[in-house]
Each structure stands twice: as C-alpha cells, then as structure tokens.
Amino acid sequence: MTTTTIRAILGNRQVFSVSPETSLRDASMLMADNAIGAVAVMTNQTLVGILTERDIVFRGVAQGLRTDEGTAGKCMTADPVTVEIDDAISDALAAKLGDAFRHLPVMDNGKLCGILSFRDIPAEYIMMFERFREMSAAHADD
C-alpha cells in the first residue's frame, strides 16, 4: 500500500468557516446545510479555533447557552492541533485524530485549506496504525 497524503483525501473539498461572533444557531445551520461536523473559526483569515457539533452540544447547549445568543468563540476549541496538507495519514492519526479529536484543521503554508474528519480515514489505515501502536507499546519495555 502506498502512503496516502491528507491532500489526496481532501481533494477539492470546500472549507467552511465562521467568525468567533457567529451565533451557535447560524454555525449549526451551516453545518446542517452542508452535512459537516465542524467548521473553522477564523479572524482576519487566521485560524483561531474549530467548532464542532460536540462543542455546540457540550460547551453550549448543555451549559445553558441559547443558540441564538451563544457564539462560536464561546464554544470553540481555541488554537487547535493542525496537520499539513502533504502529511501522511499516519501523521494525522499520531496527532490524536480519532482519540482526542474527531476533526483536525489542515494547513498549507500557514493557510487553512481544509478540515480532516476521522471518518475520512480509510479503515485499513486506522487498523494498521492501531496495530503499530500496540506493537510499539508491547516493545516499550524491551
């Protein structure tokens, strides 16, 4: 199997973003209308955070924020972990995609160019990576 890059997975997928001032309702509608689970939060074309459906539920609605008053900036994950567009899929998995994160912003020369979802990763890559981690852990005491 050849090494697949994040660029190959993302292709020409559109990037969706909101500002920190965007209401949770508007961000949710953008996600629903485009069948996506996360949006980038941008200020002056700079990535400042990522807002996921889980952020909206756990940091917003469950904390009593009304969706028309709560904002992306109040619920986002600030300064998110990112990966580069030409990184291998294993780099995204090593960055905790699937463990701590379900979505990772993808950068190209300092500019946001996409959001990688754990669901985008082919199952065979996940299985190989998990096997590698298990083998590494087993040999850690050697």
Q: Would you give the length of the straight line joining atom CG of Asn109 to atom CD of Glu84, rounded to the nearest 0.5 angstrom?
A: 7.0 Å

**Q.** For the student: nearest non-hydrogen atoms of Ala72 and Leu24, plus distance
**A.** N-CD2, 4.0 Å

Q. Hey, does the side chain of Arg59 reach the backbone of Met76 with a donor-acceptor pair shorter than 3.5 angstrom?
A. yes

Q | Reported CD-to-CZ distance for the pair Glu53 and Arg102, which is rounded to 0.5 angstrom | A | 8.5 Å

Q.
Are Pro20 and Thr71 packed together at the side-chain level, in the sense that at least one heavy-atom pair is separated by less than 4.5 angstrom?
A. no

**Q.** Distance, nearest 0.5 Å, that separates CG of Asp108 from CG of Leu10
**A.** 10.5 Å

Q | Heavy-atom closest pair, residues Glu69 and Lys74 | A | O-NZ, 4.2 Å

Q.
I need the Cys75 SG to Gln63 CD distance, nearest 0.5 Å.
A. 8.5 Å

Q | Residues that Asp68 engages under salt bridge (charged side-chain N to carboxylate O under 4.0 Å, His left out), provided they are two or more places apart | A | Arg66

**Q.** Leu93 reachable from Val106 in the ILVMFWY side-chain graph, under 4.5 Å edges
**A.** yes

Q: Quick one: pull up OG in Ser19 and CG in Asn44 and give me the separation to the nearest 0.5 Å.
A: 10.5 Å

Q | Pairwise side-chain contact, Ile85 with Thr5, heavy-atom cut-off 4.5 Å (strictly under) | A | no

Q. Counting only N and O atoms by type, is there a donor-acceptor contact under 3.5 Å from the side chain of Asp26 to the main-chain atoms of Ser23?
A. no

Q) Are Phe118 and Ile6 joined in one hydrophobic group, where the rule is that I, L, V, M, F, W and Y side chains link up if heavy atoms are under 4.5 Å apart? A) yes

Q. Is a side-chain donor-acceptor pair under 3.5 Å present for Thr46 with Thr43?
A. no

Q. Any side-chain heavy atom of Val83 within less than 4.5 Å of one from Met107?
A. no

Q) Which atoms form the tightest heavy-atom contact between Leu116 and Ala92, and what is the distance? A) CD2-CB, 3.6 Å

Q) Is any side-chain heavy atom of Val39 closer than 4.5 Å to a side-chain heavy atom of Met31? A) yes

Q. Sub-3.5 Å donor-acceptor pair from the side chain of Asp91 to the main-chain atoms of Ala88, do we have one?
A. yes

Q. Pro80 and side chain to side chain contact (heavy atoms under 4.5 Å, CB included): which partner among Leu104, Val48, Leu47?
A. Leu47

Q) Can you hop from Phe16 to Val18 via hydrophobic side chains spaced under 4.5 Å? A) yes

Q: Please tell me if the side chains of Thr77 and Thr52 come closer than 4.5 Å, counting only heavy atoms from C-beta onward.
A: no

Q) To the nearest 0.5 Å, what is the distance between CD1 (Ile115) and CD1 (Ile36)? A) 6.5 Å

Q. Is there a path of hydrophobic side-chain contacts, each under 4.5 Å between heavy atoms of I, L, V, M, F, W or Y residues, that connects Val81 with Leu112?
A. no

Q: For the residue pair Asp120 and Arg13, establish whether any side-chain heavy-atom pair is separated by less than 4.5 Å.
A: yes

Q) Are side-chain heavy atoms of Ile56 and Leu65 found at a separation under 4.5 Å? A) no

